[in-house]
Amino acid sequence: MPGFTHLHTVSGFSLRYGASHPERLAERASERGMDALALTDRDTLAGAVRFAKACAKAGVRPLFGVGLAVEEAEPVRQERRRAPVRGGAFVDESAPRVTFLARDGARGWADLCRLVTVAHSDKGERGTPLLPRAENRGDGLTVLLGPASDVGRALAAGRPDRAARLLVPWRETYGDALRLEAVWHGRKGTGPGSLRLAARTVGFAAEQRIRPVLSNAVRYADAGLGPVADVLDSARHLVPVGAVKELDSGEAWLKDVGAMLAAAERIVEAAGFRRDTAHRLLEQTQATAAECLVDPEDDLGIGTVHFPEPHLVGAGRRTAQRALASRAAAGMVLKGYAGKPAYWERMHEELDIIAHHGFSSYFLTVAQVVDDVRDMGIRVAARGSGAGSLVNHLLGIAHADPVEHGLLMERFLSTRRLVLPDIDIDVESARRLEVYRAIIGRFGTERVATVAMPETYRVRHAIRDVGAALSMDPADIDRIAKSFPHIRARDARAALAELPELKELAAEKERYGRMWELVEALDALPRGIAMHPCGVLLSDATLLRRTPV
């Protein structure tokens, strides 16, 4: 599922793949003596802001990365199989997957944004994001080749010769920033999570003089949540749990320092090295984390607002503040307020507040968008607290005269309010896409993006996905799901006990076994990503270096 994949842990720090509940994972990392935690979501950077805030609260240093499918250097022919449910959807996961970590501040983060954008740019409507080989580069990145990578797969197949050949282009592109990742989940055989593959990886790293790192490929904070991961995998593959090729081992949780040291010792012994080599493996992993220096505020820009450049919103060679003052004064004349001292006083007070915060370009940007929409013959109106600003009225953003109607500027913006205020604009919904195109046409795709929003599990979706994963009768799944009101998944059993309309369903509660526990465990986890119905982001020309699109 988007936003839910794995997590690595080791002595003193953890490399994490995927955002289930960032707050819980950050808390657990702090409790278990880890000083750093790295988020590497599957195919997305969508959890980065929430993750950074969770780490700040828990006192853990955040690292940022992403897990991406990468085009194979030597494609292997794969038999395409269709899933037997939900219309025969096919999920192609044959491409190897690689973890990229931002190492070098803003440059590393910009590289991550570019890779994710490129990976998503050519996929079909239901396709899997895939990073082309030609685009697989980044000077500010550290790369982990783990069990799912092309090199890892070759080692699992007992082909170190092929692994060495596949390693060459990675080494040429990333040099000293390349790492081989060992994972042991107690599995048998030589596949991902097995002791044999972890040992082969460590031994191969020594032969090739590539630094190894130890991870636990964590997917959840605490032990015992493997079945939840199985349900999520089942939903992603659109098949029942029994048809999923690899069930979760139950070991992909955020383990403490002692557990990871014990794993390191087992792996190096199986690789034929002395037991004390385990400490060297942990040191290499800690050093990898220490090299990844990305500051959420300075490098990601969290807490900083980036407005379109003033010359794009009518300022010309003037500063944004002077242009805003000029437009406001012109509005005073056009609207017939020139002879009213109270209006001039109110205007200058508001302009001083706007200048205090440095928000001049923001007002000019919104005014430009409103002017463009109105010129297209599309109805547009401001609503909410923004209507209390005389400057908004003078710029033509808001229709109502706030002085005449006694509307307060303080509800919208004051010197004590530090956050960017909302200027809510309504347009005709039937012509919304025309407005999008006009905004993109004026500001360019390098400054404009529509806003995505996560779809998280509530009770009805959770029942449907858990029921399908457990191979329940589709008619039963539909009946149970429709019986519930639109409530959070975590409240499923409480609703059965308390709501009269669920009395009949509550009588057969025991019939469905662990279904209710699994339903509640999915609460608020990401289920998918959708486009926000009306959110558009405008920025300066650095947008694509700060967020993927």
Side-chain angles (χ1 to χ4, degrees), residues 5-19 26 29 34-49 51-52 55-56 60-68 70 97-119 131 135-146 149 151 167 169-183 205 208-215 217-218 281-302 542 544-548:
T5 43
H6 316 280
L7 185 124
H8 301 296
T9 89
V10 75
S11 172
F13 97 105
S14 158
L15 297 178
R16 180 185 183 241
Y17 288 101
M34 298 174 187
D35 55 20
L37 188 67
L39 176 73
T40 59
D41 269 342
R42 182 189 182 93
D43 301 327
T44 180
L45 297 171
V49 173
F51 170 71
C55 285
V60 175
R61 184 169 69 89
L63 285 70
F64 302 92
V66 67
L68 292 173
V70 180
R97 300 192 67 86
V98 175
T99 300
F100 299 88
L101 293 172
R103 182 187 72 254
D104 189 10
R107 182 172 63 169
W109 176 255
D111 284 339
L112 286 183
C113 293
R114 181 185 60 80
L115 293 186
V116 174
T117 296
V118 171
L131 180 64
E135 299 290 342
N136 176 22
R137 63 185 186 281
D139 295 334
L141 300 176
T142 292
V143 176
L144 308 184
L145 300 181
S149 68
V151 172
L167 186 65
W170 289 106
R171 193 197 297 265
E172 291 175 348
T173 303
Y174 290 99
D176 291 340
L178 186 64
R179 304 287 185 273
L180 291 174
E181 172 197 358
V183 180
Q208 298 294 323
R209 298 183 181 277
I210 300 290
R211 283 192 274 177
V213 295
L214 176 65
S215 83
V218 176
L281 176 58
L282 299 184
E283 289 171 1
Q284 293 280 17
T285 312
Q286 289 177 307
T288 298
E291 292 169 1
C292 295
L293 300 174
V294 178
D295 185 89
E297 294 182 2
D298 295 340
D299 301 324
L300 272 65
I302 293 179
T542 67
L544 300 185
R545 297 202 294 272
R546 289 181 286 107
T547 183

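The figures that follow rest on heavy atoms only: side chains count, while hydrogens, waters and symmetry mates do not.
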Residue pair R107 / D139, side-chain heavy-atom distance below 4.5 Å: yes
Partner residues of Q208 under the side-chain hydrogen bond (donor to acceptor under 3.5 Å, both in side chains) criterion, sequence neighbours left out: R171
With sequence neighbours excluded, residues passing side-chain hydrogen bond (donor to acceptor under 3.5 Å, both in side chains) with T542: D540, R546
CG on D41 to OG1 on T99, rounded to 0.5 Å: 11.0 Å
Minimal non-hydrogen separation, L293 against A290, with atom names: CD2-O, 3.4 Å
Value rounded to 0.5 Å, distance of CG in L45 from OG1 in T40: 10.0 Å
Nearest-0.5 Å distance that lies between atom CG in L39 and atom CG in L101: 10.0 Å
L141 versus A177, closest heavy-atom pair with distance: O-CB, 3.3 Å
Nearest heavy-atom neighbours spanning A36 and L63: CB-CD1, 3.6 Å
Test item: R61 side-chain N/O and A38 main-chain N/O as donor-acceptor pair under 3.5 Å: no
Under the salt bridge (charged side-chain N to carboxylate O under 4.0 Å, His left out) test, residues paired with D299 that sit two or more places apart: none
Spacing of OG belonging to S149 relative to CG belonging to L167, to within rounding of 0.5 Å: 9.0 Å
side-chain contact (heavy atoms from CB on, under 4.5 Å) between L115 and L68, worked out: CA-CA 9 Å; L115 293 186; L68 292 173; 3.9 Å; yes
L281 and P212, any side-chain heavy atoms less than 4.5 Å apart: yes
Distance, nearest 0.5 Å, that separates OH of Y174 from CG of N136: 4.0 Å
side-chain hydrogen bond (donor to acceptor under 3.5 Å, both in side chains) against R545, all qualifying residues, sequence neighbours excluded: none
Side-chain donor/acceptor of D295 to backbone N/O of D298, under 3.5 Å: yes
Heavy-atom closest pair, residues I302 and A52: CD1-CB, 3.9 Å
Any W170 side-chain heavy atom under 4.5 Å of I210 side chain: no
Residue pair E181 / T285, side-chain heavy-atom distance below 4.5 Å: no
Heavy-atom closest contact (T117 atom, P548 atom, distance): OG1-CA, 3.2 Å
Where V294 and G105 come nearest, the two heavy atoms and their spacing: CG2-O, 3.9 Å
Any F64 side-chain heavy atom under 4.5 Å of P296 side chain: yes
Residues in ring-ring contact (aromatic ring centres under 6.0 Å, His included) contact with F100, at least two apart in sequence or another chain: none
Test side-chain contact (heavy atoms from CB on, under 4.5 Å) applied to R97 and D43, step by step: CA-CA 10 Å; R97 300 192 67 86; D43 301 327; 2.8 Å; yes
Non-neighbouring partners of E291 that pass salt bridge (charged side-chain N to carboxylate O under 4.0 Å, His left out), sequence neighbours left out: R179, R211
Atom pair CG/OG1 of D104 and T142 - distance to nearest 0.5 Å: 9.5 Å
